Amino acid sequence: MSVENSLARNGVSRVRSIVAAGRALAASSVPGGTRYSRRMIHWLPGVSLLCGLLAFAADGAAGQSSPADARWERIIYGIEVRDEAGDLIDHPFLGGFNLPRPQLADSDGDGDLDLFLQEHSDRIMFFRNDGSGASDYRWMTDAFEGLSVGEWYRFTDVDLDGDLDLLAEEPYSYIRYYRNDGGSGPAAYVLAADTLKDVAGEPIFSDRQNIPNAADIDCDGQLDLLIGRLTGTITRYEAEDTDENGVPRFRHITDSFQDIEIVAAFQGLRHGANTMALGDVDQDGDHDLFWGDFFEAGLLFIENTGTCGRPVLRGTPQPFPPGDPVATSGYNAPALGDIDQDGDLDLIMGVLGGAFGPARTAVENLHQFVQDGDGNFTAVTSRLIRTVDLGSESIPALTDLDGDGDLDLLVSNKIEPEDSETGALYVFENTGTATAPAFHARGKVPNLPIAYHFAPAFGDLDGDGDDDMLLGEWRDRMAYYRNDGRSMFSRNDLLPRWTLVDSAAATLTRGRNTTPTLGDLDGDGDLDLVVGESSGALNYYRNDGGPGAPDFQLVSDEFQDIDVGRRSVPTLVDLDGDGDLDLAVGSEISGLRIYLNEGTRQEPVFVETEPFGPEVPAYTAPAFADIDGDGDIDLVVGGNGGGLVVFLGTEGGAR
């Protein structure tokens, strides 16, 4: 029995208050300088970080906290999930990574380096290092210290007192400064300045699509601020004095630091978002430079061949690591630190995705390299934090695939990282029980058509007692697959033998990105169909074929005038326990919207209540079910990151 049907027919109870919460809410060259130019072989519409990266600014639809949030418990761990090889995924429900920007810092004062990641706008994820001399990261929070960081952040010692302060973006494109008053103990960040200023008192401008850096590059006891520009050059400022609050003020030195010019040529233009890392990589007492660029598939290293007092960074940029350079989709963000505590600098690199097909590194996008005693770097992993991550724009569904009485999990993606021609639908078998679920990845559902954005919905459409499948996709139609029982060829006898009955069981009147959900909306004993689409509206198809032979007839392509803005993903479920089906609708940026049925089982009238309170990802795709068998409804959410976010209903609230 499908989740939609079992919830509707069994009347799993849920009080109305579970939804009482706040709305989740160009270019010139520098003559005589170092040039590194590469002809582009791929193109993306939107070549700056502002166009290419700020798509995540709405990711994680912002929400206001309320007491109703306590009725849902978000879990990162607690339900075992294993990959296809049987290895445990240690952070299964983080939601996936698309744009992880890493930094390393000892935040808790215990002597090892903790990991920080910015995946979403204006906040930093914090992973504490629980290892002993090596990395063993444990998620602690999605919003470290509640710090507002705009589109970028950088740990660096601004006041040169020996601890790491924090620079971040002050919208739009200025530089916010948090001073660390924690000394050698746990970090204690205090907002010292909304924006850094020059000696004339003017705010310093830093392109928000670039990530700058700062260090005492010439060892004169004054901080140097290095800002990468879209032209591939570096502007240098140096601290000269402080204001009345002890905040450094900077003197402009040059717009062509060391005559460096790292550009990529495309159709006569030179441009590229960039990020820098500074550190004494070769242990010769001066700062070397790493550079990641939107138009560079690898990471570039410029060795400082001068001295601490007279830096020279004029050599040809070298792909990193030497001999076996990393190649990704572009715009690689490096962070340096002695991860293994052996006295030299190691490197973590996030892949933000540049001009070389970012979908292909939507999963393997957080690399770690360790330096040995001879100065050689070895790649350790391309997935430093293991989480369920299938690329981007995941859509989950829950159904008992193998008939063993517990709910299995299926998750689709927008596009396959290794196959740009299609998306896929992945299976996670529940190898636990109905009350203690444990999921094991079993690969893709075979023999599906070539298409993007698969969106499955399950229900007994032919009246034989097992769940059939309607499959939405990026086009304007849904396919009907009949469940014809166990397949002798399927792995562990898990998957049913799906038979394609109709490749267009229902077709939209306009738009695309079909996202179906099934439920009996007219009380006649068969399953009707509600379909979301790219415009944000809903489409209602009444089943006029009866419980054994579905025949979906369009009733309305603007169902009850519901419109969530863009990319509606509906699901029918009895949320308030009154025996009729309510409606929850995910969206691109407006979170999860809740519509309770104020009509009847035969004539539903959906009335919007306050949205789901806790924060959910952008491109919200909800699936409700009692996954842990405790009698209340839980929620699995897909989204832009390509992973899953899980909320358990708590006792006494979400029923």
Side-chain angles (χ1 to χ4, degrees), residues 33-44 47 49 52 97 99-102 104 210-211 213 228 232 234 258 260-266 270-284 287-305 313-340 344-384 417-418:
T34 300
R35 293 179 58 87
Y36 185 85
S37 180
R38 178 167 293 183
R39 187 74 179 173
M40 302 320 306
I41 59 174
H42 290 78
W43 177 78
L44 292 178
V47 296
L49 181 58
F97 298 123
L99 307 157
R101 284 146 290 165
L104 293 162
N210 302 326
I211 304 176
N213 212 321
I234 300 173
Q258 295 283 300
I260 293 171
E261 183 187 8
I262 301 176
V263 298
F266 177 72
R270 297 190 183 110
H271 43 215
N274 54 70
T275 180
M276 291 178 284
L278 294 164
D280 186 5
V281 177
D282 49 11
Q283 300 186 73
D284 63 352
H287 284 89
D288 306 298
L289 172 66
F290 282 95
W291 179 283
D293 194 274
F294 188 90
F295 291 108
E296 173 56 50
L299 183 65
L300 301 179
F301 174 65
I302 304 178
E303 180 185 0
N304 188 342
T305 59
L313 295 109
R314 297 173 184 268
T316 301
Q318 300 297 317
F320 173 87
D324 187 22
V326 63
T328 73
S329 60
Y331 202 178
N332 301 304
L336 292 164
D338 186 3
I339 298 169
D340 52 10
D344 53 33
L345 291 178
D346 309 300
L347 185 143
I348 291 176
M349 185 185 82
V351 182
L352 280 61
F356 301 90
R360 69 184 182 88
T361 50
V363 174
E364 296 187 352
N365 53 23
L366 191 57
H367 297 247
Q368 182 180 26
F369 302 87
V370 173
Q371 186 178 185
D372 63 23
D374 296 326
N376 300 312
F377 283 85
T378 301
V380 176
T381 181
S382 59
R383 297 186 68 180
L384 180 58
E418 297 179 357

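Note that the coordinates shown come from a computational prediction; the quantities given were computed from them, not determined experimentally. Nothing fancy with the numbering, it's 1 onward along the sequence.
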Side chains of [X] and [Y], heavy atoms from C-beta outward: is any pair under 4.5 Å?
X    : Y    : answer
Y331 : I211 : yes
N332 : H367 : no
T275 : L352 : no
P317 : W291 : no
D346 : V380 : no
L289 : L278 : yes
I339 : V370 : no

Strictly distance-based, threshold 3.5 Å: is any side-chain N or O of [X] a donor or acceptor partner for the main-chain N or O of [Y]?
X    : Y    : value
D372 : D374 : yes
Q371 : F369 : no
N365 : G350 : no
R383 : T381 : no
N274 : D293 : no

Please give me the minimum heavy-atom distance between [X] and [Y], naming the atom from each residue.
X    : Y    : answer
L347 : P334 : CD1-CB, 4.1 Å
R101 : A333 : CG-CB, 4.4 Å
F356 : A297 : CE1-N, 3.5 Å
E303 : D282 : OE2-OD2, 3.2 Å
V326 : P321 : N-CD, 3.7 Å

request  = Kindly write out the residues that satisfy side chain to side chain contact (heavy atoms under 4.5 Å, CB included) with T361, not counting sequence neighbours, or none if the list is empty.
outcome  = T328, S329, V351
query = Residues two or more places apart in sequence or in another chain: which of them pass side chain to side chain contact (heavy atoms under 4.5 Å, CB included) with A335?
reply = P102, Q103
ask   = For F290, what residues pass the ring-ring contact (aromatic ring centres under 6.0 Å, His included) criterion, not counting sequence neighbours?
value = F301, F320
Stepwise side-chain contact (heavy atoms from CB on, under 4.5 Å) check, I302 with Q258 = CA-CA 11 Å; I302 304 178; Q258 295 283 300; over 6 Å; no
ask   = Counting heavy atoms not belonging to Q283, are there more than 12 under 6.0 Å from its CD?
value = yes
